[in-house]
Amino acid sequence: MLSSRTCVGVVFGGDSGEHAVSILSAITVVKALRGGENRHHFDVIPIYIDKKGFWNAPEIGEQVLTNGIFPKEECIASKNERGFISFPVECEKIQVWFPVLHGPNGEDGSIQGLFQLTKKPFVGSGVLASALGMDKVAMKAAFSAAGLSQVPYQFFNASDLNNEESLASIFKNIESAINYPCFVKPANLGSSLGISKVFERKQLKEGLQQAASFDQRIIVEQGVQARELECAVLGGNEIEASIVGEIIFNADWYDYETKYSSEHSQALIPAPLPPSIKKEVQEQALKAFNTIDAKGLARVDFFYDDVSNQLWINEINTLPGFTSQSMYPMLWEASGLTTEDLVCKLVQTASNKSNLNQ
Ligand SMILES: Nc1ncnc2c1ncn2[C@@H]1O[C@H](COP(=O)(O)OP(=O)(O)O)[C@@H](O)[C@H]1O
Ligand SMILES: [Mg+2]
């Protein structure tokens, strides 16, 4: 630890589509940092980034945490400001940054670069791992190089869709190498936003156009009939995998609506699995974590076909959801680590990181 009391700056909100989830995650993290034994060790400064990307003073952060929702436009400091202007003065006291942000600008390396420049430790992955974890094209390339098993996929640039000739060859390639049903995804989003499951060419065209409206880079993946497993990873120099959980839902796939309405989905912890598959998931989760050089925390998601006994890695999330109902803290709770102990460990892993003086 840096000193007997450590001042932790919890940065949350953000200008991504996952703003509301970030607020709920921050409520859990701040409560845990201020609860139990932790209250003797940590002072928390909550920094709320509003939807325009402006960094607000801590009293506004406290209000947002208390109310659980983002403030009305007139109550926030930014008024007409947009983006990062400067750190609120209170940030000078912060000894460790704790980003609780999801999606672009929070989970993709941007803010991690800013933290790196402050020369203060921060929880979680650095620039490289964050960027790799966020971009599905780069992530899949890294996993593939590490020999991790993934469903067949192809990637395209949105500009390829504007030209009839290249569009025809895209259709041909997808239909011969991947076929239907397939999933069309923007490379850089999250929460299932912009993703579609398509069953024929017309839908494929619409799905590609939809994905292109979100991102320049598009992934098309073979659709598999599979269970969805998740494993949490925690660590600094030594990393650990949690027990394995499963998401079950009453929908064809885990789309945005299903993800964020509790009546449609449920976490099964531990997942009912043969011991060999549990072990395989944990080993692959650790391998994926190391492959992208992740730090601190990540949740690694898998597809598992229990008929053919096949396991594919789906993705790594370097700043996973941290609400009271989120898999990441629940998996650790079930593995014997309370959320208070978990956030304490995360701050410790940040403080111990070796790359601060670079
Ligand atoms: N290749 C696939 N086969 C079957 N289902 C898929 C496939 N890809 C995505 N899905 C479904 O879509 C959901 C969201 O996809 P994912 O790649 O995890 O995007 P996000 O990063 O937005 O969470 C998955 O949880 C799963 O339900
Ligand atoms: Mg996902």
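Start at 1 and go down the list; that is how both ligands and their atoms are numbered. Excluded from the calculations below are hydrogen atoms, water molecules and symmetry mates; all remaining heavy atoms, backbone and side chain alike, are included.
Residues forming a side chain to side chain contact (heavy atoms under 4.5 Å, CB included) with T66 (at least two apart in sequence, or on another chain): none. Residues satisfying the side chain to side chain donor-acceptor pair (under 3.5 Å) test with E221, not counting sequence neighbours, are K140, K185.
Screening L319, L117, L128 for a side-chain contact (heavy atoms from CB on, under 4.5 Å) involving Q112 leaves a single residue, L319.
Counting heavy atoms of neighbouring residues, nucleotides and ligands inside a 6.0 Å radius, atom OH of Y254 exceeds 12 of them.
The nearest N, O or S atom of E315 is closer to the Mg ion (ligand 2) than 2.8 Å.
Judged as a salt bridge (charged side-chain N to carboxylate O under 4.0 Å, His left out), the pairs with a partner in residues 241-255 (not counting sequence neighbours) are, in order, K197-D252, R227-E246.
A 4.5 Å side-chain heavy-atom check between N188 and D108 finds every atom pair outside the cut-off.
At a heavy-atom cutoff of 4.0 Å, ligand 1 is surrounded by K136, V151, F183, K185, G190, S191, S192, I195, E221, Q222, G223, V224, E228, W253, Y254, K259, F303, N314, E315.
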